[in-house]
Q: 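Structure in structure tokens, see below.
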Protein chains: 2
Amino acid sequence: MGNRDGAVTPPSAEDGGTPRAATIRDVAARAGVSVATVSRALSGQYPVANATRARVQRAVRDLDYVVNAHARALTGSKSKTIAVLLSDIASPFYSRIAHGVEQQASAEKRLMMVCATHGDPEREVGLVEMLREQSVDAVVLVGGIVDTPEYRERMARLARLLDTAGSRLVLCGRPSPGEDLPVTVVEYENSGGAFAAASYLMDKGHRDILFLGGVGPDTTTQDRLDGFRRALASRDLSADEPGRILTGGNSRQFGYDTIRARLLREELDFTAILAWDDLVAAGAMTALREAGVDVPGRVSILGYNDEQIAQDLVPPLTSVSIPHTELGRSAVRLALHREDPAVASSQHITLGTHIVVRGSVREAARR
Amino acid sequence: MGNRDGAVTPPSAEDGGTPRAATIRDVAARAGVSVATVSRALSGQYPVANATRARVQRAVRDLDYVVNAHARALTGSKSKTIAVLLSDIASPFYSRIAHGVEQQASAEKRLMMVCATHGDPEREVGLVEMLREQSVDAVVLVGGIVDTPEYRERMARLARLLDTAGSRLVLCGRPSPGEDLPVTVVEYENSGGAFAAASYLMDKGHRDILFLGGVGPDTTTQDRLDGFRRALASRDLSADEPGRILTGGNSRQFGYDTIRARLLREELDFTAILAWDDLVAAGAMTALREAGVDVPGRVSILGYNDEQIAQDLVPPLTSVSIPHTELGRSAVRLALHREDPAVASSQHITLGTHIVVRGSVREAARR
DNA sequence: CTGTTAGCGCTTTCAC
DNA sequence: GTGAAAGCGCTAACAG
């Protein structure tokens, strides 16, 4: 043989120019069959003589051939890709959800794209446009937002646009934008978790409980606050006395600063803290330790999200666990099988949360 | 107007079937120009009459048109995508590097794909094949490996394959597979960090230092151990006395179990621990606390990686900081601009590490 | 079982 | 400035 037959030149280092990647035509030429046969032999979904298949596979190996996913997507209009949008990959909350998305995507033979929005709704929309260009199989939007009419319209529009392109919008950890929209919603018992947490503290005799952290207007904070309020109300306590609800930030620093200021300014007028998340709790614990306030002897703390850090604080933090990984997995599973009767009816689910008991909560001291 | 002109039917909810996404032809028809003109108007790189451009843009908006990235990639053979392979997205180490990759990818108008290898070299190769199908602009492989001749051959092959496809292999936090390969390598001062850490402990008077953690054969552990050994040797101490180097795992649990067993079995024959990472350090600290050993009063601990958790341990952990984000950013930057004379010569760089001093190291007590 | 051929949606010469 | 037409690499009828 040799590559001087003129018809098709397989890539070779010798023919002068930069070697290019092999195409299906190179494989066909080398195997002595037509491109259609190569396509069939490779798809596996079509009867091909064993001998032919073997020759094709041989040629594929010799040439290090791989199909061009773009050409394939162009024909089939499926890209075998899932996209997930979150504000920040480095955050444990989001990266654990992404982990779940990846697991399921991988199980469904899909690749995953990850995009960071930095919490900017406009950037979110811009990214969805880019992903629409990619005709991804699903776009998963993760994390709380500020729930306004504009938000709902924005989501409704994106949902329809993606639907038209054969893709699916998934809202994960944020509310549904309305009825009868082509959208998959995967939530978790956010308010319920806060309700359970506050109830747990009250079961331990606590009556003076602080709600600490959360930016404020976003749905995540609103829902947790809602659960907190409901729990207190169910025992005839009011959450809305002054100084009880301390929102305004969601960082470790915010937890630290806020509790520190509180301790300097006033007497210790609370016996427990329900923190917006474990990081805020960590900050609060540091402030309490520095002020010589014993945790959990004098003040109990309950975190939210049950992150890695909860185990390593001193004392280990009791926290509300949310099903990060399962959220991601469900998002992908429901979106991809939305036609499947088994899940078609459950395109809006809410996963449960539970309290992981460690060492940061104790019976309230008698005041 | 109306859609009965027969030539081209713009997508519309009224024409019976499922509405499909608009294509460049729909836009052309609506704007009353040719597809070539639409393409030019949208690319912006070609003279088009202002009036025409406006009409095209109008049509684009009316139809919610976005280009099909696959069709574009098919012509141009560029996909505007960067891929990163890591063992686990949920790990803070990897997710912080991914964060850097995302930052730079985003700055360079690229999307990012993230794939999890679960530390399996075969899966890694399989994923690179999948990514080759996608003709991604670069494939970033992150994290230590077991450095064998097979590894080097594997990487050499992937590097050539990707190069042929116009893509670029980037090795991040792992060694170069050899000279004269089309590959970008971005490392960090791994051994140097351990050297500095051990030296810092010895400066504080410590002589009996444990190296705790690391799986063993992987390059990350080997490099850190190497730095540890070199530092001790530079002060005429030997790292290889029995019981000094405790590898075999890299989890919090491993740190806890190993130190606990050590304390039960023997007297406290060390004054400092250099931990493989912050998680191992956290485990060790818990074991020490439970045994009533004061940290840092009796035993000093130094971590590695400077993760979030380091701040929240009690005492806060002194740790070796590695430039996670910058590793990811550099990986993308160097790969994309490899032709650019400014960086063409620096396709193998090593970023520095430094010690972040907190509260877990103190002068050694006189024995 | 296998080959031929017509696109998928776009960019890019080459004409006008 | 703009249009016509030739592919990019692949899949999916449609013939044999």
Q: Quick one, which residues of residues 35-44 of chain A touch DNA chain D with a heavy atom under 4.0 Å?
A: A:Ala36, A:Ser39, A:Arg40
Q: Atom CD of A:Gln134 and atom P of C:dC10: how far apart are they, to the nearest Å?
A: 13 Å
Q: For B:Tyr46 and C:dT13, is the shortest distance between a side-chain N/O and OP1 or OP2 below 4.0 Å?
A: no
Q: Looking only at non-hydrogen atoms, find the nearest pair between B:Val35 and B:Ile24 and report the distance.
A: O-CD1, 3.6 Å
Q: Hey, are A:Asp26 and A:Arg20 close enough for a salt bridge, meaning a charged N less than 4.0 Å from a carboxylate O?
A: yes
Q: Using chain A heavy atoms and a threshold of under 4.0 Å, write down where along DNA chain D the contacts begin and end, 5' to 3'.
A: D:dC8 to D:dC14
Q: Assess, by modelled atom type and distance only, whether the side chains of A:Arg132 and A:Ser167 contain a donor and an acceptor separated by less than 3.5 Å.
A: no
Q: Quick check on the helix from C:dC1-D:dG16 to C:dC16-D:dG1: what's the angle between its two end axes, five base pairs per end, to the nearest 10°?
A: 40°
Q: Less than 4.0 angstrom between a side-chain N/O of A:Arg53 and OP1 or OP2 of C:dC1, yes or no?
A: no
Q: Is the closest side-chain donor-acceptor distance between B:Arg40 and B:Ser43 under 3.5 Å?
A: no
Q: Assign each of B:Thr75 and B:Val33 to its nearest nucleotide of DNA chain D by heavy atoms, then name whichever residue's nucleotide is nearer the 5' end.
A: B:Val33
Q: Over all heavy atoms of both residues, which pair between A:Tyr151 and A:Arg174 is shortest? Give the atoms and the distance, please.
A: OH-CD, 3.3 Å
Q: Could B:Arg160 and A:Asp64 be called an ion pair, given the rule that one side-chain N must be under 4.0 Å from one carboxylate O?
A: no
